[in-house]
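Each chain gets a letter, A, B and so on, in the order its sequence line appears, and its residues count up from 1. From a predicted model like this one, the values you see are computed outputs, not experimental measurements.
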Amino acid sequence: MIDLATLRREREWFEERLRSRGSTLDLSRFDEIDTERRRRITEVEALKRKRNETSKEIGKRKAKGEDISAIASEMKKLSATIKELEEKVKELDQQLYDFLALIPNPPHESVPIGEGEEDNPVVRTWGAPREFDFEPKSHDELGRSLDILDFERASKLSGSRFVVYKGLGARLERALICFMLDLHTGKHGYTEVLPPVLVTSDTMYGSGQLPKFKDELYLCERDGLYLIPTAEVPLVNLHRDETLKEDQLPLYYTAYTPCFRREAGSHGKDVKGIIRQHQFNKVELVKFTTPESSYEELEKLLRDAEEVLQLLELPYRVVELCTGDLGFSAAKTYDIEVWVPSQNRYREISSCSNCEDFQARRAGIRYKPKEGGKSRYLHTLNGSGLAVGRTLLAILENYQQEDGSVVIPEALRQYMGTDKIAP
RNA sequence: GGAGAGGUGGCCGAGCGGCUGAAGGCACUCGCCUGCUAAGCGAGGAUACGGGAAGACCGUAUCGAGGGUUCGAAUCCCUCCCUCUCCGCCA
């Protein structure tokens, strides 16, 4: 959510920034609602003032035993008028909110201008794709031949875009989760959280999934609960409607959760293998910081996520999302992309964003500055650390041997209890 | 799911139709004071929105949420949500 006062004050800047994202929002509509709303508020508040004053007057007169029937019936009319006007104001409030809720976060000045994925500059590349002296198989082929991924039975259970992990496949997924959590809690100073995966609509609004991305979410209608598409949702909302103290900041949280996405708009995309699933596991990183330190913290968060791939010795690169490719709530985003041999390209495995105060404003998360004064909205950051299924996929493909077996990366062996998965 | 109790400011806790934005206490902030790891005295204070050059000032709203009754509601009525206790069910 962007700030109403700032939008009024810095109209041009907003329009320019939003245009850079490719947003085609018509702000003249905003002006209409805003002006009308303010007019009505002034109007109704003047009447309420009168009502309050008269009410007190009636109380006094009644105490003296005077007749109040005339003035009371006049008040009745006044109250009716107020009620009507209030309804109008309420309606305008809703319209204004609906409008603001659909405005994306304006990109940070440092974000490169561009229209889409192809305009994202590469920030750095780590490791080199392995040269295979045989034809590398895809992870789903490997998964089948090693009997660790079962797509057929998954579709029997749940339909398309689900997978059953089996044997050392399940073990590998679990090993990765433990490995990532241990790294982030042990070395990077994050607090581990195991949150609910079913949350209310308020929670979804708080982190920006609603109202815009309703179609992407699974909803349990009878209870009004949504399945989270990422642990970012419960983690960011952990401090919803709270005012923290500055010396509590920064807060670092990490959580492993399954994530649920309907993938409504991606029919036909990534249909093979486990790249794009309705349910997948992810270890998420979330930070609450002061506005002054959030960009520094973003770089650190990115490094924390990168370190997972470095320790697993998987080649990757970091790209910076251009204005046109930025997500709704983010002011700046880096994607980490891991090398996928069967596709001969890098694929997203993590997305690290600074949302600045966009989510904090929606969710009402503030902090009290050390030097005193008014509380301010803090900044929220989030990043995958990492998407577990995609990491597993990258391991299968990058570590495959000519005989069809897969070597377990050094860092995972203590979790796996074996150094390879053989057919 | 059944029965009961309850949700008031940062916290505790009064209020049960007008004089209550809300007693009192604690915590907090600022002065004063006491020469000592504490106490005393005085003062202050919430958030959002609207008007406004203004963090001045004025107004409106906010006592779990939403409706209703009333000239007027923290106070009365209805619905919902949440917490606690007991029972039932259950990993």
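In terms of position along RNA chain B, the nucleotide closest to A:Ser375 lies nearer the 5' end than the nucleotide closest to the other residue of the pair A:Ser375 and A:Lys90.
For A:Lys83, taking side-chain heavy atoms from C-beta onward, the closest of the listed nucleotides B:G66, B:G68, B:C71 is B:G68. Closest to the side chain of A:Ser55, from the set B:C71, B:C58, B:G67, is B:C71. The side chain of A:Lys48 has B:U60 as its nearest neighbour among B:U60, B:G68, B:C49. Taking every side-chain heavy atom of A:Arg366 into account, B:A48 is the closest of B:A48, B:G51, B:U60. Among the nucleotides B:U70, B:A61, B:G50, the one closest to any side-chain atom of A:Asn52 is B:A61. Nearest to the side-chain atoms of A:Arg51 among the listed nucleotides B:G51, B:G66, B:G72 stands B:G72.
Within 4.0 Å (heavy atoms only), A:Arg9 reaches no atom of the nucleic acid at all. A:Lys50 comes within 4.0 angstrom of nothing in the nucleic acid, heavy atoms only. Contact annotation for A:Ile41: backbone-only contact, meaning every heavy-atom pair under 4.0 Å involves sugar-phosphate atoms and none involves a base. Counting any heavy atom pair closer than 4.0 Å across all strands shown, A:Lys62 reaches a base atom. Within the nucleic acid shown, A:Ser79 comes within 4.0 Å of sugar-phosphate atoms alone, with no base atom in reach, counting heavy atoms only.
If you take NZ of A:Lys64 and C1' of B:C19, they are 13 Å apart, rounded to a whole angstrom. As a whole-Å value, the separation of A:Asp93 CG from B:A48 C1' is 11 Å.
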Pair A:Thr254-A:His184, side chain to side chain donor-acceptor pair (under 3.5 Å): steps then yes or no: CA-CA 7 Å; A:Thr254 183; A:His184 296 312; 5.3 Å; no
Intra- and interstrand pairs of RNA chain B - dot-bracket, Watson-Crick/G-U under 3.5 Å, | marks other strand: ((((((((.[[[..)..(.....]]].(((((.......))))).((((((.....)))))).[[[[[..)....]]]]])))))))....
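Not one side-chain nitrogen or oxygen of A:Lys76 sits closer than 4.0 Å to the OP1 or OP2 atom of B:G72. Listed pair A:Arg38 / B:G51 meets the phosphate criterion, a side-chain N or O lying under 4.0 Å from OP1 or OP2. The phosphate of B:G18 (OP1 or OP2) has no side-chain N or O of A:Lys56 nearer than 4.0 angstrom.
The local environment of CD in A:Glu117 is sparse, with at most 12 non-hydrogen atoms from other residues, nucleotides or ligands closer than 6.0 Å.
Among residues two or more places apart in sequence or in another chain, the side chain to side chain contact (heavy atoms under 4.5 Å, CB included) test is passed with A:Asn105 by A:Arg21, A:Ala331, A:Phe358.
A:Tyr295 and A:Glu356 share a side-chain donor-acceptor pair at under 3.5 Å.
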